[in-house]
Amino acid sequence: MYSNDKRNARRRALGLLSATALGAVTATFPSFGLAQGKRTLRIGFQKYGTLTILKARGTLEKRLAPQGIEVKWNEFPSGPVLLEGLNVGSVDFGTVGEAPPIFAQAAGANLVYVANEPPSPLSEAIVVPKTSTLKSVAELKGKKVVLNKGSNVHYLLVKALEKVGLDYKDIETVFLPPSDARAAFERGSVDAWVIWDPFLAAAEKQLGARILADGKGLVANHQFFLASRPYAEKNPDVIREVIDELVKVDEWAAKNIKETASILSGQIGLDASIVELAASRYTYGVKPITEQVLVEQQKIADTFAALKLIPKKIAVKDATLLTKL
């Protein structure tokens, strides 16, 4: 038989154990403690593009509020970092270019493609300083080229080199995020920079950077909207509404370039003239993922696997939902 003191001590221990276990569950699954409260959609965005416009206009919040869904926005400096956030569960939905989801899928990320923008090949380019003597991509042999590893421009660089008969190993790659890459470019510590808008437009307008080659005739440069698979499978209704709202804001943006530039300028802190240049060469029109787009993505994945840029071959189709939204 337990004495009263022993019984009380046992109850206290069990109570402490239960509280600790509940705390661990709640910490691991934040929504556990809010199961009866609001649903949350966490969106990862970068400093440019349709999601940035959607955030600024606030129409998604108005649409989802009656259903008790709260929208939280998380800014990321690049696509690869955004998808890492999606993979570890800090965001549910986001937008990136062609290359990041391939790197993420190869690393085991549990994500799915849900929609894409049309090709926008003019929105990324290989640039050199205005004082550079380089006149063509062929002259990059043996030169230092800076870029964000695993981003859209990674594939542009591969295809641009291939077109002029150079191998990827014929250049010296320097991997830096956009802000650090720009600093290296300005210092003259690299010979060329492969970059996307609006950083591209800023380099042209502010630094006088000169384009050696853009994506035209080389790459499609799609922008993709992705979700974590668990979230998309559990909340297909929310994903459908987000895509529908993106379609609407894209249609508006295509018809209102100056106002779009003004919105983006305020969001990202760049002069409106710079953003207008970027917005004018962007391609608008959100669409569901098609077989053809997946085929194009598979070509990129196969190229990266052949170059050992990703650790293994992947099947892009594995990163799609079994049933359409």
Rounded to the nearest 0.5 angstrom, the CD1-CG distance for Ile274 and Leu264 is 12.5 Å
Test log, rule side chain to side chain contact (heavy atoms under 4.5 Å, CB included), inputs Val91 and Ile43: CA-CA 6 Å; Val91 292; Ile43 298 179; over 6 Å; no
With a 4.5 Å cut-off on side-chain heavy-atom distances among I, L, V, M, F, W and Y, is there a chain of contacts connecting Leu122 to Val219? no
Short N-O contact, Arg229 and Glu233, less than 4.0 angstrom: yes
State, yes or no, whether a side-chain contact exists between Phe93 and Ile239 at a heavy-atom distance under 4.5 Å. yes
Separation of Ile102 CD1 from Gln105 CD (nearest 0.5 Å): 8.0 Å
Can you find a heavy atom in the side chain of Phe199 that is under 4.5 Å from one in the side chain of Asn148? no
Give every residue pair that meets the side chain to side chain donor-acceptor pair (under 3.5 Å) criterion with at least one member in residues 254-265, sequence neighbours excluded. Lys258-Glu276
Which pair of non-hydrogen atoms, one from Val137 and one from Ala213, has the smallest distance, and what is that distance? CG2-CB, 3.7 Å
Lys/Arg N to Asp/Glu carboxylate O, Arg39 vs Glu70, below 4.0 Å: no
Can you give each donor-acceptor pair under 3.5 Å made by side-chain atoms of residues 156-166, sequence neighbours left out, with the distance rounded to 0.1 Å?
residue: Lys159; atom: NZ; partner: Glu162; partner atom: OE2; Å: 2.8

What's the spacing between Lys141 NZ and Ser136 OG if we round to 0.5 Å? 12.5 Å
Non-hydrogen atoms of Gln297 and Glu98 that approach each other most closely: NE2-O, 3.1 Å
Taking NZ, NE, NH1 and NH2 as the nitrogens, is one of them in Glu204 or Arg281 under 4.0 Å from a carboxylate oxygen of the other? yes
Partner set under side-chain contact (heavy atoms from CB on, under 4.5 Å) for Thr131, not counting sequence neighbours: Pro129
Decide yes or no on side chain to side chain contact (heavy atoms under 4.5 Å, CB included) for Phe45 and Asn74, but give the supporting numbers first. CA-CA 6 Å; Phe45 72 103; Asn74 300 282; 5.6 Å; no
Under 3.5 Å, is there a donor-acceptor pair between the Glu117 and Thr283 side chains? no
Going through the checks in order, is the side chain to side chain contact (heavy atoms under 4.5 Å, CB included) test met by Arg240 and Asp237? CA-CA 5 Å; Arg240 279 193 297 269; Asp237 57 326; 3.8 Å; yes
Look at Lys248 together with Asp244 and state whether they make a salt bridge at an N to O cut-off of under 4.0 Å. yes
Ring center gap for His154 and Phe175 short of 6.0 angstrom: yes
What distance separates Thr290 OG1 from Asn116 CG, expressed to the nearest 0.5 Å? 6.5 Å
Hey, does Pro101 have a side-chain heavy atom less than 4.5 Å from the side chain of Val96? yes
Show the atom names and distances, to 0.1 Å, of all donor-acceptor pairs under 3.5 Å that link a side chain in residues 77-86 to residues at least two apart or in another chain.
none

Would you verify whether the NZ or CZ of Arg42 falls within 45 degrees of the ring axis of Trp73 while also being under 6.0 Å from that six-membered ring's centre? no
Stepwise salt bridge (charged side-chain N to carboxylate O under 4.0 Å, His left out) test for Arg63 and Glu241: CA-CA 8 Å; Arg63 178 165 181 163; Glu241 296 207 50; 2.9 Å; yes
Let me have the donor-acceptor pairs involving side chains of residues 179-188, under 3.5 Å, with sequence neighbours excluded, atom names and distances please.
residue: Arg182; atom: NE; partner: Glu186; partner atom: OE2; Å: 3.1
residue: Arg182; atom: NH1; partner: Gln206; partner atom: OE1; Å: 2.7
residue: Arg182; atom: NH2; partner: Gln206; partner atom: OE1; Å: 2.9

Which donor-acceptor pairs under 3.5 Å do side chains of residues 298-305 form with protein atoms, sequence neighbours excluded?
residue: Gln298; atom: OE1; partner: Val316; partner atom: N; Å: 2.8
residue: Gln298; atom: NE2; partner: Asp302; partner atom: OD1; Å: 2.9
residue: Gln298; atom: NE2; partner: Ile314; partner atom: O; Å: 2.9
residue: Thr303; atom: OG1; partner: Lys299; partner atom: O; Å: 2.9

Hey, does Tyr168 have a side-chain heavy atom less than 4.5 Å from the side chain of Leu307? yes
Could you tell me if the side chain of Leu51 sits less than 4.5 Å from the side chain of Ile53, heavy atoms only? no
May I ask you to check whether Gln223 and Tyr282 show a side-chain donor-acceptor distance below 3.5 Å? no
So, do Val128 and Trp193 sit near enough that their side-chain heavy atoms are less than 4.5 Å apart? no
Under the side chain to side chain donor-acceptor pair (under 3.5 Å) criterion, do Thr50 and Asp250 qualify, and how do the steps go? CA-CA 6 Å; Thr50 307; Asp250 233 20; 2.9 Å; yes
Could you state the interatomic distance from CD1 (Ile263) to CZ (Arg57), rounded to the nearest 0.5 Å? 6.0 Å
Which pair of non-hydrogen atoms, one from Val286 and one from Val247, has the smallest distance, and what is that distance? O-CG2, 3.7 Å
Pair Phe224-Val293, side chain to side chain contact (heavy atoms under 4.5 Å, CB included): steps then yes or no: CA-CA 10 Å; Phe224 286 102; Val293 169; 3.4 Å; yes
Do Thr52 and Gln46 make a side-chain contact, defined as non-hydrogen atoms from C-beta onward lying under 4.5 Å apart? no
Minimum side-chain heavy-atom gap Pro230-Asp92 below 4.5 Å: no
Measuring from Glu124:CD to Ile211:CD1, what's the distance to the nearest 0.5 Å? 11.0 Å
Identify the heavy atoms of Ala106 and Ile310 that sit nearest to each other, and give their distance. CB-CB, 3.8 Å
